[in-house]
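Quick notes on the structure that follows.
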Amino acid sequence: QVQLVESGGGLVQAGGSLRLSCAYSVRTFSSYAMGWFRQAPGKERTFVAAISWSAGIMHYASSVKGRFTISRDNAKSTVYLQMNSLNPEDTAVYYCATARDMATTPGSYDGWGQGTQVTVSS
């Protein structure tokens with residue numbers, strides 16, 4: 001069983017930066033890939049970034065590549081999403097999630113946090 005808690009969201013002006021954190025806990029040792037997704041009002045939840053257990057592999061959505069960076073610190077049981085050059089289209093609720101393997105579809109993830117709101121003003 002996995003528990004995830006996101007933090008770090010907020011209101012930022014266009015061009016600004018935010019760093020999201022996701023603290024996770026697992027009851028049994030296992031290797032989890034971690035992903036970040038986002039959901040804007042009235043839209044589907046979409047993939048943002050994913051990172052392998054060892055942090056050796058990262059994958060990004062084309063819309064955020066070069067602006068966002070995913071990282072993890074397994075010793076601290078935390079995954080991060082550094083978001084730079086934010087624009088209003090990045091406004092959404094951001095969720096972290098766990099999966100056995102790297103994936104880009106929400107259905108491949110079996111543990112979700114409650115989400116954190118990111119709002120980018122123009």
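Just so you know, these numbers use all the heavy atoms, side chains as well, and skip hydrogens, waters and symmetry mates. Starting from 1, each residue takes its place in the sequence as its number.
- Looking at Q39, its side chain never comes within 3.5 Å of a backbone N or O of E44 through a donor-acceptor pair.
- Judged by distance alone, the side chain of E6 and the main-chain N or O of S21 form no donor-acceptor pair under 3.5 Å.
- Looking at V12 and T119, their side chains never come closer than 4.5 Å, going by heavy atoms from C-beta outward.
- Side chain of T91 to main chain of V120: a donor-acceptor pair is present (N/O by atom type, distance under 3.5 Å, no hydrogens or angles).
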* When you look at S17 and M83, which way does the side-chain contact (heavy atoms from CB on, under 4.5 Å) test go after all the steps? -> CA-CA 5 Å; S17 299; M83 306 186 296; over 6 Å; no
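- Note that R19 lies in the cation-pi zone of Y80, set by a 6.0 Å cut-off to the ring centre and a 45° limit from the axis.
- With values rounded to the nearest 0.5 angstrom, L18 atom CG is found 9.0 Å from F68 atom CZ.
- With a 6.0 Å cutoff to the six-membered ring centre and a 45° limit on the axis angle, R100 does not count as a cation-pi contact of W53.
- A donor-acceptor contact shorter than 3.5 Å is absent between the side chain of Y109 and the backbone of C96.
- Side chains of M58 and T69 form no contact here, defined as non-hydrogen atoms less than 4.5 Å apart.
- The aromatic rings of F37 and F47 sit perpendicular to each other, their planes meeting at more than 60°, with 30° as the lower class boundary.
- Judged by the 6.0 Å and 45° rule, R38 forms no cation-pi pair with Y95.
- Under the 4.5 Å side-chain criterion, counting only non-hydrogen atoms from C-beta, Y60 is not in contact with V48.
- Within a 6.0 Å sphere centred on CD1 of I57, heavy atoms belonging to other residues, nucleotides or ligands number 12 at most.
- Under the 4.5 Å side-chain heavy-atom criterion for grouping Ile, Leu, Val, Met, Phe, Trp and Tyr, M34 is not connected to W112 through any hydrophobic cluster.
- The structure places OH of Y94 at 7.5 Å from CG of L20, a figure rounded to the nearest 0.5 Å.
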